[in-house]
Amino acid sequence: MENPALPSKLAVSDASPPSPDKDAPLKEDIRLLGRLLGDVLREHEGEAVFDVVETVRQTAVRFRRDADPVAGEELTTLLHRLTRDQTISVVRAFSYFSHLANIAEDQHHIRRRRAHLMRGAPPRRGSVAHALGELRAAGVEQDEVEGFFREALISPVLTAHPTEVQRKSILDAEHDIARLLAERDRGLTPKELQRNTQLLQARVATLWQTRMLRYSKLTVADEIDNALSYYRITFLRELPGLYDDIEDEIAACYGRQPQLGEARFLQMGSWIGGDRDGNPNVNADTMRHALVRQSTTILDFYLEEVHALGAELSSSTLMVPVTPEMQALADASVDHSPHRSDEPYRRALIGIYARLAATARVLGVDHILRKEVGEAPPYHEARDFAADLDVLVDSLRANHGAALIEPRLSGLTRAARIFGFHLASLDMRQSSDVHERVLAELFARAGTERDYAGLDEDAKRALLLAELAQPRPLYSPFEAYSDETNSELAILRTAREIRARYGSRAIRNYIISHTETVSDLLEVLLLQKETGLLQVSSGSCDAMVIPLFETIPDLQRASAIMDEWMALPLVAGIVERQGRLQEVMLGYSDSNKDGGFLTSNWELYQAELKLVDVFAARGVKLRLFHGRGGTVGRGGGPSYDAILAQPPGTVNGQIRLTEQGEIIASKFSNPEIGRRNLELLVAATLEASLGRRPASAGAGEAAGEAGGRLARFEAVMAELSARAYRAYRKLVYETPGFTDYFFSATPIAEIAELNLGSRPASRKSTRRIEDLRAIPWGFSWGQCRLLLPGWYGFGSAVGDWLDEAGADGREERLSLLREMHRDWPFFAALLSNMDMVLAKTDLAIASRYASLVADVALRERIFSRITAEHGETLRCLEAVTGVGERLAGNPLLARSIQNRFAYLDPLNHLQVELIHRRRKLGENVDPRVHRGIHLSINGVAAGLRNTG
């Protein structure tokens, strides 16, 4: 009989409607994990603590379900009475259940997808098969599809921005739990099922006994290793596997095997170890360390796979012949054993292994697990390794061995081409003001210009272009320079060394934060010239100079800056050498903090359209790099819909986007879900690139009508954006005391103390909103369940615009908004993301955080404004969409969020209580209170899943 364990009851909120039968396996998994957690809780903490946890849960449910003030008072009293140790145990119980529910939910997604495939149902939206079917129906030929994949670059870029609150030890234990849970779907015998349950309980107990929090701040090296764990879990196998699947889908759709050659359309990127903006811990040494660790990860994988292939490919020339090239490769091997004289594949692989081992040592790998048979020269490039593997593939295919390619050799060959010896391209990023300071010092020491920073833009450009034309460097080894200048130059010199050592794909991008002028870009060109990365005589620039436009004014200037940049003859030559391609990065986070949700999205959209026009006029291909975060306010939300909602002409087979914080764990900690998320990126980019075909000559009238409608839509958005901007700025930047309210009514101070990452939470040691990083800004609003950056201003904007039309015009304007929602992907995606944010927003919970503001008048004045805007936003959203329930179009997500409330709400209530205690006692507070707050932050982040 099932124990009536607390987390088992937590599986479904008391307020939830019955779920359909298709979710029954999910509930069974949650109940199982909940029961196991309950057993562990009883064993470790005792029955009394277990009962407290259950009482907290039930009272929190009453408070949510009935908005019962009595329940609120009971909850406050109950939490006040908890001892410090009890509080920690309760917080841990609900936090770990958040993590376990996530695992069960992920497994259910996999289960549902497999069931769909096994039924032979039509391909789902978001799959490559569905995208190909749509394109073929629209008249897109196979040659166009193959051309897309040969030229495309789709690159998720992992970053270490500090919202990932899980330790690697926790991730590893959760990975084991997911694996064991998946086993239960495979038809276990009673004995096997019993064993599986025992192992699950052991893993849950391991979780309970493992410290959830870091007691020391993460180093950049820690962040690098954390990110590399996802390669071992997901990317190393799933990325090559996805390439194979896509080739199969093209053949199935069009009836002909595609010829993609050595296409590398999906590649990984990284900022971890190269992103210096605001992070003083990143330098030349961290870049070197990043590449050594990346190279070690991929070479360890290659060595393991080659060793396994040597055991598997036992084909004998006594049974089947081989090609002359294969025989030559075997004869060149270091293996001369008479026992394998008739086994050329094994001999060749032993030789390949020896060359890989030598390569690994040259590239800094400290330990080779298996000693090679003999000495062999290292590979000069990864393509040489791939070429050797191709010899095996060709020989097997020519000699009745095609079936032997697929199990391992095919994936390894793909991996060699995708990952090379560098694994992922490491981007460099630094702020424009740092570049200005470095060059100001170089100019001054060289006697060229005493006050470079004081020059106007025209003078700066003239000086920079003149210096770029000079063959001699500014830098002198006989001068003494500041630590900052020495560090920045060392980083660029190291980038040149890394490219020479690991290949040109190891580092190929340089991103400039806070790009405001053309001189900001020219400065980086000159610094590259100083360090050998730019050869002006040939027009060869090793690291593409990429502007990052972040704030609202920066986005508005972006197209003009890029037009002036590409008009420069020097730059035109560099762009030509880059394949007439130039990348531009757009920042979602700072534009949102600067101007609010609606205005940020609109200005990004406008900037993209203007960039398309500028690049088209110059005949240059535009690649956009989207700096998206986890929260909707920072560009988060479903990547598939976000890519399809991009303005026409902005994708064209080229897209990079950041993956940050806990979103990395959410998307890629499970290999099947990881492959699905990678496939979504490819499918969306394929559809957005080839699905928007220009109108035929006979469709001119229809195209004109569509263009006219779009112009009307855009005019309305411009109106709404201006109104939303005023409403947002009035609250955040113009309301006296708002900063004090924010620092009191959210756990921002406590978040800053968490050992989340190597980067500080604020750019400067101030309490100004302007200086606060956008990431902890959004993270804080998520913790207190307001998620204000994802919706504030929409209600004021739409409500005012509708009211302005009066009674007669209101309905006409509302009809236009409904038409925009129905027919404009950009507006539909915007409202869909806001709908998700509002589903997670809870004013009752937020009101308890507002109680942390000691100034009652300030609290009531600001919280009442937020409450009023929230109500108006809900009314306007419902009026436009015609739907009164949140996430009506996504019932699976709606159920998921609703089911989470039963364990999220207690965590929020506990967090408020602990913050009360901490702020009341100040420096005298027990360290366990700090620990409890940080544990609650972890649990809420895990429950909401996209708070960073």
Side-chain angles (χ1 to χ4, degrees), residues 155 157-158 220-221 223-225 227-228 231 235-236 262 264 267-276 282-303 306 352-368 372 375-389 415-430 486-511 524 527-535 538 540-544 577:
S155 181
V157 180
L158 305 190
V220 179
E223 291 173 332
I224 291 166
D225 285 342
L228 291 176
Y231 284 85
F235 300 124
L236 294 181
E262 297 185 8
R264 292 191 292 255
Q267 298 180 44
M268 298 303 299
S270 175
W271 276 15
I272 310 173
D275 177 15
R276 318 192 292 290
V282 175
N283 52 39
D285 286 339
T286 63
M287 284 176 57
R288 289 191 192 95
H289 181 75
L291 263 298
V292 168
R293 295 297 302 131
Q294 287 181 194
S295 184
T296 298
T297 299
I298 190 59
L299 282 163
D300 281 351
F301 174 74
Y302 292 156
L303 287 164
V306 168
I352 290 171
Y353 185 96
R355 294 197 68 184
L356 277 176
T359 306
R361 291 190 179 89
V362 168
L363 296 181
V365 178
D366 292 330
H367 178 67
I368 308 297
E372 63 270 37
E375 290 188 7
Y379 286 111
H380 180 63
E381 295 180 311
R383 69 176 64 184
D384 299 331
F385 168 49
D388 279 356
L389 295 177
R417 291 199 165 90
I418 297 167
F419 300 115
F421 292 148
H422 66 291
L423 186 68
S425 294
L426 181 67
D427 288 357
M428 294 182 285
R429 183 172 76 131
Q430 182 57 285
N486 284 327
S487 177
E488 290 298 307
L489 293 175
I491 283 163
L492 287 162
R493 294 186 190 111
T494 300
R496 187 165 179 250
E497 295 167 11
I498 286 171
R499 285 173 54 86
R501 191 174 193 191
Y502 297 95
S504 60
R505 288 194 291 148
I507 291 181
R508 49 185 174 178
N509 300 305
Y510 194 116
I511 296 154
V524 174
L527 289 171
Q528 289 202 53
K529 171 180 172 283
E530 287 290 308
T531 51
L533 289 168
L534 170 66
Q535 295 80 43
S538 66
S540 174
C541 183
D542 288 348
M544 184 187 290
R577 296 269 305 195

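Nothing here was measured: the structure is a model prediction, and the numbers come from that model.
Contacts of Asp542 classified as salt bridge (Lys or Arg N to Asp or Glu O under 4.0 Å), with partners at least two apart in sequence or in another chain: Arg499. Applying the ring-ring contact (aromatic ring centres under 6.0 Å, His included) test to Tyr353 and every residue at least two apart in sequence or in another chain returns nothing.
Counting only N and O atoms by type, the side chains of Arg505 and Gln267 include a donor and acceptor under 3.5 Å apart. Judged purely by distance below 3.5 Å, without hydrogens or angles, the side chains of Arg508 and Ser425 pair a donor atom with an acceptor atom. A side-chain N or O of Thr494 and one of Arg288 form a donor-acceptor pair less than 3.5 Å apart.
For the pair Gln528 (side chain) and Ala543 (backbone), a donor-acceptor distance under 3.5 Å is present. The backbone N or O of Gly532 sits less than 3.5 Å from a side-chain atom of Arg496, completing a donor-acceptor pair. A donor-acceptor pair is defined here as one N or O able to donate and one able to accept, closer than 3.5 Å; no such pair exists between the side chain of Tyr231 and the backbone of Ile298.
Trp271 CH2 to Ile511 CD1: the interatomic distance, rounded to the nearest 0.5 Å, is 5.0 Å.
Put simply, the side chain of Met287 reaches to within 4.5 Å of the side chain of Ile507, judged on heavy atoms. Considering only heavy atoms from C-beta on, Thr531 comes within 4.5 Å of Leu489 through its side chain.
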>> As a quick check of understanding, evaluate salt bridge (charged side-chain N to carboxylate O under 4.0 Å, His left out) for Glu372 and Arg355, giving each step before the final call.
In response: CA-CA 9 Å; Glu372 63 270 37; Arg355 294 197 68 184; over 6 Å; no
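In this pair, Phe421 and Tyr379 present their aromatic rings tilted. The plane angle is within the 30 to 60° band.
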